[in-house]
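Read the structure below first, then the notes.
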Amino acid sequence: MAFRKENSTNKKMQLISLMDVVFILLIFFLVSIFFASLPNEERRIFIPTPKNEPGYAQVLIQLIDENSFLYIDPFVTEKLVKEITQIDKKTFMSVAQRLQQKKELIITKNTYPIISQDGSGNFLKAKLMTLVTQADAHPEEKYFAMIRCPDELPYAVVIDVVEILSRTKYKNIQYGCVGGTIDDIRNSKSIEKKMVREGSVLRRNVVIQF
Amino acid sequence: MAFRRIEARKDFELPTFIDIIFLLLIFFLLTYSPVPPKVGQSTLELNLPEAAGTAKVNQNEKLETMMIEIMPVNKEKPEMGLQVSVLLPFENYDMEKAGAVAYKDAKKFAKTYQREDVLPTEYVTLGKSEFMNLPAVKLINDQLDRYVQEKFRIAKLTNRIEIRADRSVSFRIINFIIEKCSSYEDLIPSLVFRTMFRQE
């Protein structure tokens with residue numbers, strides 16, 4: 001049986017389809033080039049030199065690695081009061097063991113991913129913006145945020161945090177940067193809330209004794 | 001005599017148009033540099049490229065105070081380490097002239113008076129004493145001591161040191177500078193970081 005010859009007239013290139021693809025590619029590159037070429041600027045960020053005195057802060061931000069951070073404010077122990085009471089009831093444990101458990105609880109419950117897992121955006125930025133909004137709503141209050149960063153992280157992570165904190169209208173968030181790791185906090189003597197009277201204001205502070 | 005009307009060709013020149021489109025496409029294909037997504041970054045979020053550390057510095061900007069510049073020796077080869085330059089607002093301590101020097105001259109003088117050194121990449125993992133013995137760290141240490149001794153004899157709010165560093169520089173060297181400046185207490189009340197940010 002003779003095979004049927006394939007009709008050679010249908011071998012034309014589909015110009016319209018090709019044009020469609022080419023146009024889509026062109027639009028993609030045009031748009032992506034626009035985003036890539038958004039201008040960057042060099043800004044000046046002022047950071048006070050830390051004082052060599054026992055430090056306490058209203059907020060402690062410990063950068064753990066490029067993906068997570070620890071955020072402790074004075075309300076941490078209030079939020080975890082039930083769990084902390086449960087640990088205190090464990091009388092079969094030594095005081096040191098209970099303290100270690102409390103620290104672990106505080107660290108575990110307050111460690112967040114920088115980029116939230118549900119894809120809703122930058123969690124660190126959102127936390128900082130909440131603090132900025134709070135500071136803007138209470139211009140009479142003064143806040144102090146301590147930013148701790150491990151040696152190996154790019155310093156730009158700290159600068160980005162400072163940049164957000166410096167957006168306050170009334171400049172009532174002060175900040176300081178020091179080197180340190182999450183292990184320093186894990187091995188600290190205690191993490192506690194302390195009420196400090198500053199003039200007529202009673203201020204809640206987070207105190208970590210290293 | 002009636003003029004003959006010349007009809008202009010109204011056909012759409014498709015091959016010419018395709019030529020232009022292809023040229024544009026090739027141009028964008030060649031100039032495009034994709035940005036790899038970061039670990040843990042949301043796939044829904046537009047992955048904007050990071051701001052590069054190499055800003056276009058105004059070469060004629062007059063320096064107001066000491067500037068410690070930390071930049072990669074070669075951006076393409078991070079293993080080559082970091083170039084540390086100590087830029088002063090004058091030529092040299094014994095050659096102070098009226099008026100501050102421009103950034104480009106300060107860079108030149110830093111080279112002439114050997115206020116430059118390379119910080120090896122392993123500085124992050126070194127022990128404290130080894131880190132302190134690195135020539136680049138010694139350079140920063142000595143230059144800060146001398147500058148404070150000569151220029152910041154009285155505590156003033158305006159006393160400050162500028163740091164200009166690439167965004168990829170590890171916090172260790174920056175923390176060393178912060179701690180060093182902190183040791184002078186009120187003589188250096190603040191530091192100024194010149195860092196790249198995306199314009200919002």
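Chain letters run A, B, ... following the sequence lines, proteins first and then strands; every chain starts at 1.
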Next on the checklist: Let me confirm one number: the CG-CZ distance from A:L25 to B:F28, rounded to the nearest 0.5 Å.
Outcome noted: 12.0 Å
Checklist entry - Which answer fits B:F22, side chain, backbone, both or neither, if we ask what part of it has an atom under 4.5 Å from a heavy atom of chain A? => result side chain
Item to check | Over 12 non-hydrogen atoms of neighbours within 6.0 angstrom of NZ in B:K156 | outcome: no
Checklist entry - At a heavy-atom separation under 4.5 Å, does A:P113 approach chain B through its side chain, its backbone, both, or neither? => result neither
Checklist entry - Taking B:I18, B:L25, B:V124 one by one, which has the highest count of heavy-atom pairs under 4.5 Å against chain A? => result B:L25
Item to check | Rounded distance (nearest 0.5 Å) linking atom CG of B:L126 with atom CG of A:D151 | outcome: 11.0 Å
Checklist entry - Are side-chain heavy atoms of B:L191 and A:F46 found at a separation under 4.5 Å? => result no
Checklist entry - Crowded around A:K103 NZ? As in, over 12 foreign heavy atoms under 6.0 Å? => result yes
Checklist entry - Given that the side chain runs from C-beta out, which part of B:F176 has a heavy atom under 4.5 Å from chain A: side chain, backbone, both or neither? => result neither
Checklist entry - Is any NZ, NE, NH1 or NH2 atom of the basic residue among B:E61 and A:R44 found under 4.0 Å from an Asp or Glu carboxylate oxygen of the other? => result yes
Checklist outcome for this item: One should read off an interatomic distance between B:L24 CG and A:L26 CG, to the nearest 0.5 angstrom, of 5.5 Å
Checklist entry - Got a second to check how far B:I21's CD1 is from A:L18's CG, nearest 0.5 Å? => result 11.0 Å
Item to check | Atom CD1 of B:I154: over 12 foreign heavy atoms under 6.0 Å | outcome: no
Checklist entry - Non-hydrogen atoms of chain A under 4.5 Å away: do they reach the side chain of B:E162, the backbone, both or neither? => result side chain
Checklist entry - Got a sec: does the CD of B:Q114 have more than 12 other heavy atoms crowding it under 6.0 Å? => result no
Checklist outcome for this item: Looking only at heavy atoms, the pair that brings B:D166 and A:Y155 closest together is O-CE2, 3.0 Å
Checklist entry - Are A:I45 and B:V192 side-chain neighbours, meaning at least one heavy-atom pair lies under 4.5 Å? => result no
Checklist entry - What part of A:L153 lies closer than 4.5 angstrom to a heavy atom of chain B: side chain, backbone, both or neither? => result backbone
Next on the checklist: When you compare the side chain of A:R148 with that of B:N175, does any pair of heavy atoms fall below 4.5 Å?
Outcome noted: no
Next on the checklist: Report which part of A:V178 has an atom under 4.5 Å of a heavy atom belonging to chain B: side chain, backbone, both, or neither.
Outcome noted: backbone
Checklist outcome for this item: Between A:D160 and B:R167, the two heavy atoms sitting closest are OD2-NH2, 2.7 Å
Next on the checklist: Rounded to the nearest 0.5 Å, what separates atom CD in A:E152 from atom OH in B:Y123?
Outcome noted: 10.5 Å
